[in-house]
Q: 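The following block contains the structure, expressed as C-alpha cells.
Whatever order the structure lists them in is the order used to number ligands and atoms, beginning at 1.
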Amino acid sequence: MKDDILHNLEIINQRIKNACKKAGRNVDEVKLLLATKTISAERIKIALENGQTLIAENKVQELKEKYADLKDTRHENHFIGHLQTNKIKDILKYDVNCVQSIDRFDLAEKLHQRLLLEGKTMNVLIQVNTSNEESKFGIHPDFTIDLVKKVAELDTLKIKGLMTIGLFSAETEKVRACFKLLKNLQQEIILQNIPNVEMNELSMGMSGDLETAIEEGSTIVRVGTAVFGARIYPDSYYWDEEKN
Ligand SMILES: *Cc1c(COP(=O)(O)O)cnc(C)c1O
C-alpha cells in the first residue's frame, strides 16, 4: 500500500514537471493538492509523511472523521466540495485553511458572519462552472466578477483566486476551453483592481487533465485517483515495474 502511494506520487510529480517544462513554467508555480475523498486517514498519512503537505476533502463528515488521526501530522487542509450553510460551523472547527468552493453570495455571507463571531479569517477561492453542465457546482462565468466584487466586501474572507472542475471529456480541446475561460476571468478580475482581492491562484486540473490545466496556467492541481487509486491507474510505467 505504501509503495503504491509513493510510486504514484512519483509519477504525478513527474507529470507535473513535464507539463511545466512543456509550458515553459517553473515547477514551483504549481502545487499538488491531494483530493482525499473516501481515502482513509492511514493512507493519507503515508502521503503526508512523504513530502506532501496539501490535502482537501469534499464532505464535512469526512473532514470530521479523519481530523483526530491527521491533526498531529503537519499539513494544510482545503475544502473543495459543495458546502451547505448549516455545515459552516464545522469547517471552522476542523482547521480548514481555504474554502475553494465559494459559489454563491449567501454562502460567503454566512461564512463571514461565523468568522466574525469567532474572530477569524479564511482564504477562499471562487468556484466557477466553466463547463456549462447543470450537474456541476460553481457560479456561471457571466456572474463571476459580480460575485467576486460582493465577496470582496466581506473582510474576513481573503479571496486568493478561482477554482473550476473542467469538462469530463476525452476531447482535450473542449477541456482546455474550460481552463482558458477560468484564466481569462482571472485576467479580467486583475484588471479591475478590486480591493481585498488577490488573484494568484487558479485551482484547476485533476488526475486526467492536469497537463492541459498546467499549460493554461493552473497553480493548484487537485489529484485523487492517480495517487490513491493505484490499481486502476492505466500507466504503462506502472505495469512495466510490476513485471520487474
Ligand atoms: C475528487 C475531486 C478531484 C480529484 O479527482 P481525480 O479525478 O480523482 O483526480 C478534484 N477536484 C474535486 C473538486 C474533486 O471532487
Q: Which residue is it: Ile80, Ile102, Val99, Ile165? I am looking for the one with a side-chain contact (heavy atoms from CB on, under 4.5 Å) to Gln127.
A: Ile165
Q: Which is it for Gln84 and His82 under the side chain to side chain donor-acceptor pair (under 3.5 Å) test, yes or no, and what are the steps along the way?
A: CA-CA 7 Å; Gln84 287 160 337; His82 182 64; 5.8 Å; no
Q: Does a side-chain N-to-carboxylate-O contact under 4.0 Å join Glu198 and Lys158?
A: no
Q: Just grab all the salt bridge (Lys or Arg N to Asp or Glu O under 4.0 Å) pairs involving residues 91-105, residues at least two apart or on different chains.
A: Asp90-Lys93
Q: Do Phe179 and Leu202 have side chains that get closer than 4.5 Å, going by heavy atoms?
A: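 They are not in contact (no side-chain heavy atoms under 4.5 Å apart), so the answer is no.
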Q: Just to be sure I understand the cut-off, which residues have at least one non-hydrogen atom under 4.0 angstrom from an atom of ligand 1?
A: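 Lining ligand 1 at under 4.0 Å, by heavy atoms, one finds Ala35, Lys37, Asn58, Ile80, Ile165, Met206, Ser207, Arg222, Val223, Gly224, Thr225.
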Q: Taking NZ, NE, NH1 and NH2 as the nitrogens, is one of them in Lys37 or Glu62 under 4.0 Å from a carboxylate oxygen of the other?
A: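 Between Glu62 and Lys37 there is no salt bridge, as every charged N stays at least 4.0 Å from the carboxylate O atoms.
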